[in-house]
K.L.:
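Mind having a look at this structure? Questions to follow.
So that the names make sense, note that chain A is the first sequence line, chain B the second, and so on, each numbered from 1.
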Number of protein chains: 2
Amino acid sequence: MSIPLPGTQVRGSKTGKPIMALLDLLGRTWALGILWHLNSGPATFRELQQRCEQISPTLLNTRLKELRQLQIIEVQVAGYQLSQQGAELFEIIAPLGAWSSLWADQISQVKNNKQEG
Amino acid sequence: MSIPLPGTQVRGSKTGKPIMALLDLLGRTWALGILWHLNSGPATFRELQQRCEQISPTLLNTRLKELRQLQIIEVQVAGYQLSQQGAELFEIIAPLGAWSSLWADQISQVKNNKQEG
DNA sequence: CATCATGCTACATTATATGTAGCAATATTT
DNA sequence: AAATATTGCTACATATAATGTAGCATGATG
């Protein structure tokens with residue numbers, strides 16, 4: 001898959017708008033997950049693999065290349081880590097954690113009500 | 001693809017944590033895009049297709065089913081629209097718009113510097 | 001110099017996405 | 001009321017992406 005560089009045509013969108021490039025990038029398997037799991041600190045390739053529940057090395061490497069080229073993550077002695085921009089991006093999506101818990105409660109409630117009624 | 005119901009095993013993750021279900025869901029092609037484009041108001045199937053740059057009906061329908069089952073969007077007389085929960089989810093990701101613009105600027109700067117040097 | 005860990009690549013298999021055609025149902029026009 | 005148009009979608013063939021396992025090259029360690 002080609003890198004969703006803002007300003008260029010990306011998967012599913014022809015407009016070149018930055019938001020579309022970003023949504024393409026984040027819409028790829030495990031992209032959000034890698035971001036999420038990198039927030040807990042730098043990690044080597046194999047450790048990141050573990051954090052991401054044994055994601056296949058093929059996919060991990062593909063996503064890492066994309067995220068590096070787009071300057072969301074970077075490599076330092078400590079291993080892969082969020083770049084400054086990546087950290088800012090994480091701050092935006094951080095509330096998804098809390099939201100997802102409420103959402104899970106909500107869905108199970110509805111399920112249970114349906115079972116009861 | 002099976003529906004990433006929080007509490008169950010989802011694509012790429014075995015833990016069942018709500019956040020992993022959510023990241024799986026949002027990580028599917030056009031899921032974020034549909035959310036994004038629904039924020040501008042309810043839409044019929046064909047109008048939503050247009051907003052999403054002629055996304056194929058097959059994929060649109062697949063995503064809509066998932067998002068409905070997970071109570072992020074709902075269908076009313078006006079067509080498809082964000083549910084209450086969906087609107088809250090949108091509020092979380094809304095800042096991605098501004099972030100992506102800064103990001104695009106940043107990336108093009110670096111590109112230009114490389115060309116110059 | 002043997003052993004082990006790391007960061008990957010190769011490759012075959014399976015799962016997803018894309019794109020076009022078109023159908024059934026309802027709404028609209030003539 | 002017959003013809004036409006629009007809508008919401010399904011079917012299906014093709015193309016693209018993800019998964020999973022094996023293992024190689026490199027550098028560190030005993």
Side-chain angles (χ1 to χ4, degrees), chain A residues 1-5 8-15 20-21 23-38 41-70 73-81, chain B residues 1-5 8-15 20-21 23-38 41-70 73-81:
Chain A
M1 224 183 328
S2 70
I3 305 278
L5 194 67
T8 69
Q9 184 176 327
V10 300
R11 181 180 62 151
S13 174
K14 293 118 195 164
T15 62
M20 296 315 292
L23 296 185
D24 175 3
L25 178 67
L26 299 183
R28 296 177 179 191
T29 309
W30 267 109
L32 280 166
I34 290 172
L35 221 60
W36 195 261
H37 289 298
L38 265 185
T44 63
F45 188 92
R46 293 218 176 186
E47 169 167 0
L48 191 49
Q49 235 188 316
Q50 286 189 327
R51 287 192 199 166
C52 295
E53 304 179 42
Q54 303 304 341
I55 175 180
S56 86
T58 318
L59 183 59
L60 178 56
N61 191 240
T62 305
R63 282 300 96 84
L64 287 174
K65 277 182 189 162
E66 294 164 0
L67 292 166
R68 281 180 70 181
Q69 275 201 48
L70 294 171
I73 66 178
E74 57 193 23
V75 187
Q76 304 285 6
V77 276
Y80 292 97
Q81 58 185 253
Chain B
M1 223 181 329
S2 69
I3 305 278
L5 195 66
T8 70
Q9 183 174 327
V10 300
R11 182 182 61 152
S13 175
K14 293 120 198 163
T15 61
M20 296 314 292
L23 297 185
D24 174 2
L25 178 67
L26 298 183
R28 296 178 180 192
T29 309
W30 268 109
L32 280 165
I34 290 171
L35 221 59
W36 195 263
H37 289 299
L38 265 186
T44 64
F45 188 91
R46 293 218 175 186
E47 169 166 0
L48 190 50
Q49 236 188 317
Q50 286 190 327
R51 287 192 198 166
C52 294
E53 303 179 42
Q54 303 303 340
I55 176 180
S56 87
T58 318
L59 184 59
L60 179 55
N61 191 239
T62 304
R63 281 300 97 85
L64 287 175
K65 277 181 190 163
E66 294 165 1
L67 291 167
R68 281 179 71 181
Q69 274 200 49
L70 294 172
I73 66 179
E74 58 193 22
V75 186
Q76 302 286 6
V77 275
Y80 291 96
Q81 59 185 252

K.L.:
Rounded to the Å, how far apart are A:Leu32 CG and D:dA18 P?
P.N.:
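Between P of D:dA18 and CG of A:Leu32: 13 Å.
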K.L.:
Measuring to OP1 and OP2 of D:dC9, would you say a side-chain N or O of B:Tyr80 lies under 4.0 angstrom away?
P.N.:
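So the side chain of B:Tyr80 is within the cut-off, an N or O lying under 4.0 Å from OP1 or OP2 of D:dC9.
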K.L.:
Just how far is it from atom CG of B:Leu38 to atom CZ of B:Arg51, taken to the nearest 0.5 Å?
P.N.:
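One gets 6.5 Å once the value is rounded to the nearest 0.5 Å.
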K.L.:
Do the side chains of A:Lys65 and A:Ile3 get nearer than 4.5 Å, heavy atoms only?
P.N.:
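Not in contact.
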K.L.:
How close or far is atom P of D:dT7 from atom CG of B:Leu64, stated in whole angstroms?
P.N.:
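To the nearest whole Å, that distance equals 16 Å.
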K.L.:
Send over the distance from B:Arg51 CZ to D:dG8 P, rounded to a whole Å.
P.N.:
12 Å
K.L.:
For B:Gln69, check side chain to side chain donor-acceptor pair (under 3.5 Å) against everything at least two apart and list the hits.
P.N.:
none
K.L.:
Where the side chain of B:Thr44 is defined as all heavy atoms beyond and including C-beta, which of D:dG8, C:dC8, D:dT10 is the nearest nucleotide?
P.N.:
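For the B:Thr44 side chain, the nearest candidate turns out to be D:dG8.
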K.L.:
Using atom NZ of B:Lys65 as one end and atom P of D:dG8 as the other, report the distance to the nearest whole Å.
P.N.:
15 Å
K.L.:
Could you work out, with side-chain contact (heavy atoms from CB on, under 4.5 Å) as the rule, every residue matching B:Thr62, not counting sequence neighbours?
P.N.:
B:Glu66
K.L.:
Taking all non-hydrogen atoms of both residues, which atom of B:Asp24 and which atom of B:Pro4 are closest, and how far apart?
P.N.:
OD2-CB, 3.5 Å
K.L.:
What's the CG-P distance between B:Leu48 and D:dT7, to the nearest Å?
P.N.:
13 Å
K.L.:
It should be established whether A:Asn61 places a side-chain nitrogen or oxygen under 4.0 Å from OP1 or OP2 of nucleotide C:dG7.
P.N.:
no
K.L.:
Enumerate all atom pairs, one protein N or O and one N or O from nucleotides 17-22 of chain C, separated by less than 3.5 Å.
P.N.:
{"from": "C:dA17", "atom 1": "OP1", "to": "B:Thr29", "atom 2": "OG1", "distance (Å)": "3.3"}
{"from": "C:dA17", "atom 1": "OP1", "to": "B:Arg63", "atom 2": "NH1", "distance (Å)": "3.4"}
{"from": "C:dA17", "atom 1": "OP2", "to": "B:Arg63", "atom 2": "NH2", "distance (Å)": "3.0"}
{"from": "C:dG19", "atom 1": "O6", "to": "B:Thr58", "atom 2": "OG1", "distance (Å)": "2.6"}

K.L.:
How long is the line joining CG of B:Leu23 and C1' of D:dA18, in whole Å?
P.N.:
17 Å
K.L.:
Mind calculating the distance between CZ (B:Arg68) and P (D:dG8) to the nearest angstrom?
P.N.:
12 Å
K.L.:
Using whole Å, what does the distance between atom P of nucleotide D:dT10 and atom CG of B:Leu60 come to?
P.N.:
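Rounded to whole Å, this separation is 11 Å.
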K.L.:
What distance do B:Arg28 atom CZ and B:Leu67 atom CG have between them, rounded to the nearest 0.5 Å?
P.N.:
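That separation rounds to 9.5 Å.
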K.L.:
Once rounded to the nearest 0.5 Å, what's the spacing between atom CD of A:Glu74 and atom CZ of A:Arg68?
P.N.:
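Result: 9.5 Å between the selected atoms.
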